[in-house]
K.L.:
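Got a structure for you, questions after.
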Amino acid sequence: MSEMFMAGGPSMWVALLCSMIGNPLAIAAVVGAFVTKKRSWRLGLGLAAVCFGVATLFISGAGYMYGMSQVASVLPMVDPEQRELVREIGQQEAMNNIWLGLCGSALPLLFGAVAVVRGAMTKSDA
């Protein structure tokens, strides 16, 4: 597992941190959406969870782009017979960012959206 993070680069750790904050926040948002009657709590927690989900996706996408730019900068120095292999391995390592982003942002985006919709349907703070 740590090899995956090392191959993905420093953006993997930042995306993991966002995911570690966003997932518990998403659980709190969806629980709050069904427990509390306060519109502001529902909307606030839901929007915060969605923001962390989007941030996780953005950071992992930026990490992928950075990884691919690193691969592209190395390819001219590689033996022509090995270029395709190096490009494929580099792309696989850069894709670690995308997988972490998709997995780490699914719960905050889904649960956050549920909380926002429940909050939007609430008339006013009770």
Side-chain angles (χ1 to χ4, degrees):
M1 184 72 152
S2 66
E3 293 171 5
M4 182 179 91
F5 280 88
M6 297 305 261
S11 62
M12 291 279 286
W13 297 102
V14 178
L16 179 65
L17 178 64
C18 274
S19 172
M20 289 173 63
I21 295 170
N23 283 314
L25 189 60
I27 293 169
V30 80
V31 167
F34 290 98
V35 172
T36 186
K37 301 217 184 291
K38 291 192 175 275
R39 181 176 194 224
S40 58
W41 277 97
R42 289 177 176 179
L43 287 173
L45 285 173
L47 287 173
V50 168
C51 285
F52 272 100
V54 169
T56 303
L57 280 177
F58 178 75
I59 291 167
S60 64
Y64 173 78
M65 297 300 287
Y66 175 73
M68 289 308 294
S69 72
Q70 294 291 71
V71 171
S73 68
V74 168
L75 284 178
M77 296 179 270
V78 175
D79 187 33
E81 291 90 30
Q82 299 295 320
R83 278 192 186 143
E84 188 60 29
L85 178 65
V86 169
R87 190 194 61 75
E88 284 180 27
I89 292 172
Q91 186 174 15
Q92 287 174 357
E93 290 179 357
M95 281 299 290
N96 290 339
N97 285 288
I98 299 296
W99 289 115
L100 176 68
L102 290 174
C103 294
S105 67
L107 198 66
L109 290 175
L110 178 66
F111 285 1
V114 168
V116 168
V117 169
R118 295 264 312 166
M121 292 187 331
T122 305
K123 298 281 189 236
S124 63
D125 280 340

K.L.:
Once you round to the nearest 0.5 Å, how far does CG of N23 lie from CZ of F52?
P.N.:
11.0 Å
K.L.:
Taking atom NZ of K37 and atom CZ of R118, what is their separation to the nearest 0.5 Å?
P.N.:
8.0 Å
K.L.:
Honestly curious: do W99 and L16 fall in one hydrophobic cluster under the side-chain, below-4.5 Å linking rule?
P.N.:
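Hydrophobic grouping puts W99 apart from L16.
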K.L.:
Answer whether the closest heavy-atom distance between the side chains of L107 and I27 falls below 4.5 Å.
P.N.:
yes
K.L.:
Within this structure, what is the SG-CZ distance for the pair C18 and F58, rounded to the nearest 0.5 Å?
P.N.:
11.0 Å
K.L.:
Is there a side-chain contact (heavy atoms from CB on, under 4.5 Å) between N97 and I59? Walk through the geometry before answering.
P.N.:
CA-CA 8 Å; N97 285 288; I59 291 167; over 6 Å; no
K.L.:
Considering non-hydrogen atoms only, spot the tightest contact between A15 and T56 and give its length.
P.N.:
O-CG2, 3.8 Å
K.L.:
Distance check, rounded to the nearest 0.5 Å: M65 atom CE versus I98 atom CD1?
P.N.:
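So the gap between those two atoms works out to 9.0 Å.
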K.L.:
Do R42 and T36 get their side chains close enough for a donor-acceptor pair, meaning under 3.5 Å?
P.N.:
no
K.L.:
Quick one: OG on S11 to CG on L100, what's the gap to the nearest 0.5 Å?
P.N.:
8.5 Å
K.L.:
Is there side-chain contact between L57 and L102, with at least one heavy-atom pair below 4.5 Å?
P.N.:
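Heavy-atom side-chain distance check passes, below 4.5 Å.
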K.L.:
Name all residues meeting the salt bridge (charged side-chain N to carboxylate O under 4.0 Å, His left out) criterion together with R87; count only those two or more places apart in sequence or in a different chain, and write none if there are none.
P.N.:
E84
K.L.:
For the residue pair L75 and V86, what are the closest heavy atoms and their distance?
P.N.:
CD2-CG1, 4.0 Å
K.L.:
What closest approach, in Å, do G53 and S105 show between heavy atoms, and which atom pair accounts for it?
P.N.:
O-CB, 3.2 Å
K.L.:
Given L45 and V31, is the side-chain contact (heavy atoms from CB on, under 4.5 Å) satisfied, shown in steps?
P.N.:
CA-CA 10 Å; L45 285 173; V31 167; over 6 Å; no
K.L.:
Give a yes or no on whether L47 and M121 share a hydrophobic cluster (residues Ile, Leu, Val, Met, Phe, Trp, Tyr; joining criterion: side-chain heavy atoms under 4.5 Å apart).
P.N.:
no
K.L.:
Search all heavy atoms of V50 against all heavy atoms of L109 and return the closest pair with its distance.
P.N.:
O-CD2, 3.8 Å
K.L.:
Does M12 share a hydrophobic cluster with V14, counting links as ILVMFWY side-chain heavy atoms below 4.5 Å and allowing steps through other members?
P.N.:
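Hydrophobic grouping puts M12 apart from V14.
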K.L.:
Would you list the pairs meeting ring pair (Phe, Tyr, Trp, His ring centres under 6.0 Å) in which at least one residue belongs to residues 61-92, sequence neighbours left out?
P.N.:
none
K.L.:
One pair to check against side-chain contact (heavy atoms from CB on, under 4.5 Å): M68 and Q91. What are the steps and the verdict?
P.N.:
CA-CA 6 Å; M68 289 308 294; Q91 186 174 15; 4.0 Å; yes
K.L.:
Supply the atom-to-atom distance R83 CZ to M77 CE, rounded to the nearest 0.5 angstrom.
P.N.:
10.5 Å
K.L.:
A49 and P108: which non-hydrogen atoms are nearest, and at how many Å?
P.N.:
O-CB, 3.3 Å
K.L.:
Quick one: closest heavy-atom pair of A115 and A29, and the distance?
P.N.:
CB-O, 3.5 Å
